[in-house]
Protein chains: 2
Amino acid sequence: MNKPTGLRALKKERTRDAIGDAAVSLFLEHGFDHVSVNDVAAAAEISKPTLFRYFHTKEDLVLHRFADHQGEAARVVRDCGSGIKPVTALHRHFRAGLDRHDPVTGLNDHPEVMAFHRLVFTTPSLAGRLTQYQLKDEEALADAFGEGIRARLRAAQVLAVQRVLARTNWQRIADGRTAHDVHPEAVADADQAFGQLR
Amino acid sequence: MNKPTGLRALKKERTRDAIGDAAVSLFLEHGFDHVSVNDVAAAAEISKPTLFRYFHTKEDLVLHRFADHQGEAARVVRDCGSGIKPVTALHRHFRAGLDRHDPVTGLNDHPEVMAFHRLVFTTPSLAGRLTQYQLKDEEALADAFGEGIRARLRAAQVLAVQRVLARTNWQRIADGRTAHDVHPEAVADADQAFGQLR
DNA sequence: GTTACTAGGTTAAAAAAGCAACTCGGTAAC
DNA sequence: GTTACCGAGTTGCTTTTTTAACCTAGTAAC
């Protein structure tokens, strides 16, 4: 279950990181639409076909950081065993994210992270593609819940809650407050929201 | 006549440098015989076959710095035109090497260069392989001089002179003197040695 | 005196990267 | 309105690298 070691895997990972870092760095500096994939490839010192072997679309150059969390909710539900309710497991998982100021919870005030979020939400093509990722996430979570319309509805509600919570936190941070300052409210909001899910 | 640009050439050059630097660094630290080619490959983060595609033998990992000067003497003779005597051109070329403290003249007191020379001359297999390089150099120079036994003799004498001069300079530096201090004597020795060649 | 290990060096197949040329949609020039 | 250009993404071919397996010579164990 561990990722394969060796030179091949090592260099692939490095190349992927180099491309992603170069892309985000350029996009933050000049804006998503003012940087071509050729520019990114040149900055990462790889060829254009190689770039598209690592990232299927230009948007993925930015969104792979979300894609890394793909299916996380579904995994939490599958791994929680039978002794504990799925929603409780998801609640605890989100709470843990808040505590470590995970960027996906919106509760992170690092300038780089904030700039990154602004980039995603103010660039239409990026925001659009992000919702596609969220849809896949929702399907996976629904499958983890079971089958039928009820599983789908619950999955949709859980992810809607998480989106709203993250967005709210992000807004507070954007208003100039620190993550540390916002943390208690974020936890209270999460408690209330997940409580209402039951 | 310029080397081709592009990602391929760029990365080849970097890989070659990485291997060479890793090798010399390890050899200087632990000794040539106490470092395996596997160690070098691991340090340079490349596989063993790749290492041998860049350097034919373990010795070449060290001696490529001399190999870069391969055929230099022959080139000087070929390029000197008919208006100037070959020996004079070689003399001037060696003199220029002294002036810029080229390591091949022995007149260089950088600690790294000195350690490198000591490594080569105190490791039998390296010293042996170095003479093979010098033999090829001698053949090339002989061809540049012309044909027959006279050309070969002249080539052998010229290179013998250069070897003795370099070795003498190196010995003076090894005795603790600076390259700057030794320079006048080195020039005088060269003048005398090349003068006698005519 | 076999056995086994190490180190230098090679081989063959498969993965990955580079390169150039291409498609396709948009858009600016004239 | 065609011509030309630019940017996203693709395709086919070549070069480079990894991988694992092998060869050979030396050498230490027992």
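Proteins get letters first, then strands, A, B, ... in listed order; numbering begins at 1 in each.
Here A/F55 lies out of heavy-atom contact (under 4.0 Å) with every strand.
Looking at residues two or more places apart in sequence or on another chain, you find a side chain to side chain donor-acceptor pair (under 3.5 Å) between A/D189 and A/R172. Checked against side chain to side chain donor-acceptor pair (under 3.5 Å), B/Q171 has the following partners two or more places apart in sequence or in another chain: B/D175. Annotation: side chain to side chain donor-acceptor pair (under 3.5 Å) contacts of A/H117 (sequence neighbours excluded): none. Partners of B/D21 by side chain to side chain donor-acceptor pair (under 3.5 Å), not counting sequence neighbours: none found.
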Considering only distance and modelled atom types, tabulate donor-acceptor pairs under 3.5 Å from the side chains of residues 161-169 of chain B, sequence neighbours left out.
unit_1: B/T168; atom_1: OG1; unit_2: B/V164; atom_2: O; d: 2.7
unit_1: B/N169; atom_1: ND2; unit_2: B/T105; atom_2: O; d: 3.1
unit_1: B/N169; atom_1: ND2; unit_2: B/L165; atom_2: O; d: 3.3

Sequence neighbours left out, cut at 3.5 Å: what donor-acceptor pairs do the side chains of residues 72-91 of chain A make with other protein atoms?
unit_1: A/E72; atom_1: OE1; unit_2: A/H69; atom_2: ND1; d: 3.1
unit_1: A/R75; atom_1: NH2; unit_2: A/Q70; atom_2: O; d: 3.3
unit_1: A/T88; atom_1: OG1; unit_2: A/R198; atom_2: NH1; d: 2.9
unit_1: A/H91; atom_1: NE2; unit_2: A/D191; atom_2: OD1; d: 2.8

Protein-nucleotides 4-11 of chain C N/O pairs under 3.5 Å:
unit_1: C/dG8; atom_1: OP1; unit_2: B/K58; atom_2: NZ; d: 2.8
unit_1: C/dG8; atom_1: OP2; unit_2: B/V37; atom_2: N; d: 3.0
unit_1: C/dG9; atom_1: OP2; unit_2: B/K58; atom_2: N; d: 2.7
unit_1: C/dG9; atom_1: N7; unit_2: B/K48; atom_2: NZ; d: 3.0
unit_1: C/dG9; atom_1: O6; unit_2: B/K48; atom_2: NZ; d: 2.8

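With the nearest nucleotide of DNA chain C identified for both A/R8 and A/I46, A/R8 has the one nearer the 5' end.
Counting only residues at least two apart or in different chains, ring pair (Phe, Tyr, Trp, His ring centres under 6.0 Å) contacts with residues 5-49 of chain B comprise B/F27-B/F32. Within the structure, ring pair (Phe, Tyr, Trp, His ring centres under 6.0 Å) pairs that include any residue of residues 39-62 of chain A comprise A/F55-A/H64 (at least two apart or interchain).
Separating the CG atom of B/L7 from the C1' atom of C/dA20 is a distance of 13 Å, rounded to the nearest angstrom. With rounding to whole Å, A/D39 atom CG is found 12 Å from D/dC6 atom C1'. Per the geometry, NZ belonging to B/K12 stands 17 Å off P belonging to D/dT14, to the nearest Å. Residue B/L51 contributes atom CG, which lies 18 Å from atom P of D/dA20 at whole-angstrom precision. Atom C1' of nucleotide D/dT15 and atom NZ of B/K11 are separated by 13 Å, given to the nearest angstrom.
Under the 3.5 Å distance criterion, the side-chain polar atoms of A/D109 are left unmatched by any main-chain donor or acceptor of A/T178.
Ion pairing between a basic and an acidic side chain is recognised when a charged N comes within 4.0 Å of a carboxylate O; A/R129 and A/D60 show such pairing.
Less than 4.0 Å separates DNA chain D from no heavy atom of any residue of residues 125-135 of chain A. A heavy-atom distance below 4.0 Å to DNA chain C is reached by none of the residues of residues 16-27 of chain A.
Hydrophobic cluster membership of B/L153, counting Ile, Leu, Val, Met, Phe, Trp and Tyr whose side-chain heavy atoms lie under 4.5 Å apart directly or via other members: B/I149.
Remark: A/Y54 is in phosphate contact with C/dA17, judged by side-chain N or O atoms under 4.0 Å from OP1 or OP2. Taking only side-chain nitrogens and oxygens, A/T50 never comes nearer than 4.0 Å to OP1 or OP2 of C/dA17.
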